[in-house]
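Within every chain, numbering begins at 1; the chains are lettered A, B, ... in the order of the sequence lines, protein sequences first and strands thereafter. These values consider heavy atoms only, across backbone and side chains, with no hydrogens, waters or symmetry-generated copies.
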Amino acid sequence: MKGYGGLRAESAGRPGTGRADRDDPAEPPGPVLEVTDLHVTFGAGAGAVRAVRGVSYAVRPGEVLGVVGESGSGKSVTSLAVMGLLPPHARVTGSVRLHGREILGADEKTLSAVRGGTISMVFQDPLSALTPVYRVGDQIAEAVRIHRRVSRRDAARRAVELLDLVGIPDAARRARAFPHEFSGGMRQRVMIAMAIANDPDVILCDEPTTALDVTVQAQVLEVLRRARRETGAAIVLITHDLGVVAGSADRVMVMYAGRPVEAGTVDDVYLRPRMPYTAGLLAAVPRLDAAERPVPIEGTPPSPAALPPGCPFEPRCPLAVPACAAAEPALEPVGSPGHLAACIRAEEIEAAGGAPLAARPPGALPAEAGAEAAAGVLPAGAGVPARTGGAFGGRAPEEPGGRAAPPPRRDREVVLAVDDLVRYYPLTKGTLLRRRIGTVRAVDGVSFDVRERETLALVGESGCGKTTTLMEILRLAGPQHGTVTVLGRDTAALGARDRMAIRRDLQVVFQDPMASLDPRMTVYDIVAEPLRTHGIRRPGPRVRELLRLVGLEPGHAARHPQDFSGGQRQRVGIARALALEPRLVVLDEPVSALDVSIRAGVLDLLTDLKARLGLSYLFVAHDLAVVRHLADRVAVMYLGVIAEIGRVERVYAAPLHPYTRALLSAVPVPDPGVERSRGHVLLEGDLPSPADPPSGCRFRTRCPLFRMLGGSERARCVDERPPLRMLGDDHAASCHFAERSGAV
Amino acid sequence: MSVTDEELAEQHEAGDRLGAPSRLRVVAGRFFGSFQGRAGFALLALMFLLAFAGPFLGRWSYTDRDFTAFLAPPSADHWWGTLQTGADVYAVTLRGMRRSLVVGLLAAVVGTTLAAVVGAFAGYFAGWTDRALTWVTDLLLVLPAFLILAVMSPLFASGQWPLFVLVLALFLWMVTSKIVRGVTISLREREFVYAARFMGVRPTTVIFRHILPNMSSLLVVDATLNVSAAILTETSLSYFGFGIQPPDVSLGSLIADGTRTALYAPWTFWFCAGLLVVTVLAVNMVGDSLRDAFDPASGRGRR
């Protein structure tokens with residue numbers, strides 16, 4: 001680790017990013033937190049897991065350092081080691097200096113004085129980070145009183161102040177509430193309030209927004225910015241989301257297999273990546289603002305217990321040369337000052353102006369050509385899994401051709417039609433004498449259809465009813481109200497035999513590949529189950545064919561799901577769904593549980609299979625960028641109703657509903673330039689409870705357009721539920737004033 | 001989706017080779033792969049061998065009385081000594097173990113199976129099935145098991161031990177079935193169960209293929225505990241003179257008799273007590289290894 005000196009020395013001249021909310025001091029102060037050559041090892045001997053292998057960074061007051069990495073890259077362990085929160089059996093070496101004072105290996109008393117005082121932490125899951133049995137205000141007051149000699153009253157007053165600062169409305173009253181009365185975003189605000197309670201100098205945020213919806217994520221990131229402004233603290237923002245870092249961080253450190261592989265200013269790293277991993281990661285992220293298909297990185301990250309001797313990325317690297325496998329490259333300065341990369345070919349890439357990788361997106365090449373070029377760049381042995389066709393023969397039809405081939409939409413057969421679907425759940429109280437105290441309107445009049453060979457995406461934030469809609473369709477029983485027609489058959493009128501026949505044609509892929517595969521069964525049994533259920537006696541050949549189709553080794557059939565990585569497990573799930581040659585596949589967030597570098601591979605596979613097997617997809621997702629790359633049409637749901645529906649290009653280019661507009665603007669784009677120049681429509685508040693939805697238009701309580709309207713127009717929003725109006729060729733929105741949403 | 005015949009043939013051939021081992025063979029392989037499993041199984045097999053073949057080695061039958069040796073210590077004539085009645089300890093202990101092993105193991109297996117089936121059906125189907133099954137469970141929970149067994153004991157007298165096993169099992173399963181029901185309710189919401197339902201697998205198949213295997217560790221541990229519980233229940237029944245009726249003996253009745261003379265004639269107590277301990281130990285070892293064998297994630301250490 002020779003290079004980090006450069007990081008510290010040169011990053012002193014912090015480039016002005018020209019943001020208004022920064023108070024740039026003339027003389028840059030010294031680093032407040034300095035981590036040098038940090039190593040963390042779990043276990044000993046041959047099975048030792050080297051989770052962190054030489055991490056060095058320094059942050060200055062008011063600076064935001066983004067730490068980016070996939071799961072298992074050691075980014076969270078690093079922050080736990082800094083806080084001294086690792087279990088005793090972890091061996092930690094190196095140095096962590098806070099204001100020049102060594103805190104690594106300090107005794108518990110010193111650490112307790114520092115933790116929550118000078119350095120504080122915001123965790124990923126706000127639900128488990130708050131004690132459920134204490135009032136929120138008391139918990140914040142406690143954080144204050146641990147570090148300061150203040151009276152109970154003053155601490156309580158400070159708690160209310162802090163809640164107000166993080167944007168909790170009616171803070172004095174809400175301070176007396178319990179954590180379960182807060183929504184996820186509100187709880188994360190409380191966590192931030194606790195973190196800044198003692199005016200810390202460093203705030204470590206470990207995936208602070210991963211568990212939140214995009215519109216809430218935008219709010220919380222805004223609160224973090226405000227917290228930094230108020231306290232002048234340095235923030236270490238640990239995340240897997242490249243978009244969040246692009247918009248919020250000044251500098252960024254990319255981690256891979258327990259080591260930083262590239263570091264520098266956000267502009268340097270995002271626009272001029274010099275480490276092939278960073279470039280690959282950037283190309284693998286589905287982007288909201290670009291039509292190019294994301295390009296997967298081949299293979300999976302190495303196990304931290306069995307690292308290759310050379311560069312850990314060498315087995316997956318498209319630019320690997322034999323020398324890469326010899327020794328692990330150090331983090332060396334490259335290009336502009338403060339930019340470091342751990343790659344022996346970084347200089348070559350620098351000299352070529354990033355050429356070898358710029359040939360891959362994000363760049364000038366159109367989608368399919370980009371993917372082809374990538375396939376050409378990649379080592380031949382690896383192959384692109386989605387394309388190792390096997391028994392189905394032939395390569396995938398070229399995407400543009402594939403899209404053009406089917407007849408126009410209205411001539412194609414409707415495989416799924418949902419008309420005015422309603423699903424209410426009774427809200428009951430009491431166990432002995434149950435009485436109904438209300439109704440949860442999970443789905444309240446949803447209509448859409450899916451035609452042959454097309455993908456309809458249902459998007460929306462958690463609680464919008466998209467999963468309930470899915471379950472209602474998959475149940476294949478008559479809904480409470482409205483009709484569901486699958487392949488021309490009304491589900492309310494199905495007999496047992498017909499239902500079984502339709503199940504053959506309607507299959508599902510679930511979100512979490514670990515949860516959707518029975519852990520006690522071998523992959524063979526899992527994939528064979530639908531075949532056996534539908535009376536196929538010898539499923540062996542078909543299982544083999546299916547595993548090959550989804551890019552898995554048929555020889556791995558005897559293994560259990562936990563022997564596979566996340567992406568491979570999801571491929572098993574897809575193989576199972578395709579076993580019976582269905583016509584309609586329901587995808588419930590199929591990639592949201594996967595790492596970025598693997599996600600693109602599964603998306604590729606889904607796109608490819610659709611074109612090859614003529615499938616139709618009903619795709620449920622909360623990630624609008626993923627939807628853009630997989631779906632033909634999109635339906636945006638809000639609180640049990642459809643806010644907007646139409647062709648993806650049209651909805652994304654010219655959203656008509658204010659909610660769609662806000663949703664699209666809340667998705668962070670992994671491009672610092674774009675992210676800075678983009679206007680954001682920040683929604684206020686949380687999703688209202690579906691047990692008590694607002695009258696008239698459901699969105700009016702959070703609608704930015706509503707606030708711009710006059711009195712009589714507002715009355716219309718309050719009194720009249722807006723119908724889904726056709727506002728263009730295959731583009732409809734349920735807003736009375738959709739024509740004016742451009743003003744938002 | 002067409003494939004050439006050659007390819008198909010090749011795949012047929014390959015597919016057969018591919019045919020992953022059945023779950024039973026995997027579990028058996030893993031069970032016998034562990035030292036503990038092999039040792040437990042061997043010990044249990046030894047106990048059975050002793051109980052069923054052992055009596056043929058001794059000169060005395062369990063009904064015999066040696067009026068020349070009352071309460072005699074172990075000797076060449078009476079290997080494990082004699083009781084106050086002159087009965088040979090070796091012969092009666094093995095006879096008693098034969099009963100206890102069969103009663104204990106059978107009652108445990110029947111009891112746990114009943115618990116698993118009732119609990120899983122109640123939890124999976126909910127509604128009226130759940131209500132009816134829960135009602136039966138609660139009813140059996142409040143019935144005084146011991147009293148009923150005592151009242152019914154005359155029925156078991158004349159070699160009706162299978163009936164005894166059934167009645168014993170009938171009072172063993174309720175608490176477990178409540179746990180099973182709870183676990184089932186949480187498993188029912190898991191995605192792999194939804195996946196199976198949405199591909200058209202019948203509910204009973206889902207229960208036996210996905211629900212019960214995923215709580216096999218619970219069931220195996222429960223069955224292991226039930227073996228001891230059944231043997232001990234039978235022991236306490238016999239102690240009070242119910243259960244296995246004389247002249248037939250069980251480990252329980254022997255231990256009950258032995259406690260009175262244990263201090264000055266230890267052979268009357270230690271042999272039967274020792275065999276009971278070894279039996280329960282073997283059952284526990286087998287149970288432990290079975291639990292590991294059922295769980296594909298075990299054996300690779302903690303993550």
Side-chain angles (χ1 to χ4, degrees), chain A residues 43 47 390-393 471 474-476 499-504 506-526 528-530 532-534 538-545 547 554-555 557-563 573 576-577 579-581 586 588 613, chain B residues 1-27 29-30 186-187 189-203 205-206 208-217 291 293-303:
Chain A
F392 290 88
M471 289 297 166
L474 287 169
R475 249 173 11 106
L476 291 185
R499 188 168 294 130
M500 195 70 179
I502 285 188
R503 291 229 182 269
R504 271 192 95 119
L506 173 67
Q507 292 289 324
V508 60
V509 176
F510 286 100
Q511 171 176 9
D512 183 352
M514 193 68 244
S516 65
L517 307 177
D518 189 335
R520 302 276 163 146
M521 286 165 80
T522 59
V523 164
Y524 178 88
D525 283 333
I526 288 170
E529 185 172 20
R532 290 188 179 132
T533 304
H534 287 266
R538 282 160 42 96
R542 177 76 180 141
V543 170
R544 187 188 174 84
E545 183 181 306
L547 289 177
R559 298 191 188 178
H560 286 91
Q562 56 267 43
D563 300 325
R576 175 176 64 184
L580 293 164
E581 300 175 32
V586 173
D588 186 5
L613 310 179
Chain B
M1 253 173 256
S2 64
V3 283
T4 66
D5 286 350
E6 281 167 36
E7 266 177 338
L8 199 67
E10 178 220 324
Q11 277 165 10
H12 262 294
E13 195 192 328
D16 288 343
R17 262 187 285 124
L18 169 74
S22 76
R23 192 184 274 187
L24 192 70
R25 278 201 14 226
V26 172
V27 170
R30 293 169 61 101
S186 72
L187 279 175
E189 304 297 322
R190 294 276 292 274
E191 284 183 347
F192 63 83
V193 174
Y194 275 119
R197 273 168 58 188
F198 291 150
M199 72 180 70
V201 181
R202 274 176 307 151
T205 317
V206 171
F208 286 107
R209 193 185 286 163
H210 295 289
I211 303 263
L212 291 180
N214 273 291
M215 56 171 100
S216 52
S217 42
R291 196 196 59 201
F294 270 116
D295 184 359
S298 75
R300 78 194 78 200
R302 277 191 314 130
R303 285 259 176 104

Any residue meeting side chain to side chain contact (heavy atoms under 4.5 Å, CB included) with A:T533, in chain and number order, not counting sequence neighbours
A:M500, A:E529, B:V201, B:R209

Under 4.5 Å from a heavy atom of chain B, the part of A:L474 involved:
both

Does a side-chain N-to-carboxylate-O contact under 4.0 Å join A:D525 and A:R532?
yes

Return the set of residues passing side chain to side chain contact (heavy atoms under 4.5 Å, CB included) with A:D512 (not counting sequence neighbours), or none when no residue passes.
A:M514, A:A515, B:E191

By a 4.5 Å heavy-atom criterion (distance strictly below it), what part of A:I502 contacts chain B: side chain, backbone, both, or neither?
neither

How long is the span from the CZ atom in B:R197 to the CG atom in A:L476, to the nearest 0.5 Å?
11.5 Å

Leading residue by heavy atom contact count with chain B [cutoff under 4.5 Å; candidates A:R475, A:R503, A:Q507]
A:R503

Contact part of A:R559 toward chain B, heavy-atom cut-off under 4.5 Å: side chain, backbone, both or neither?
neither

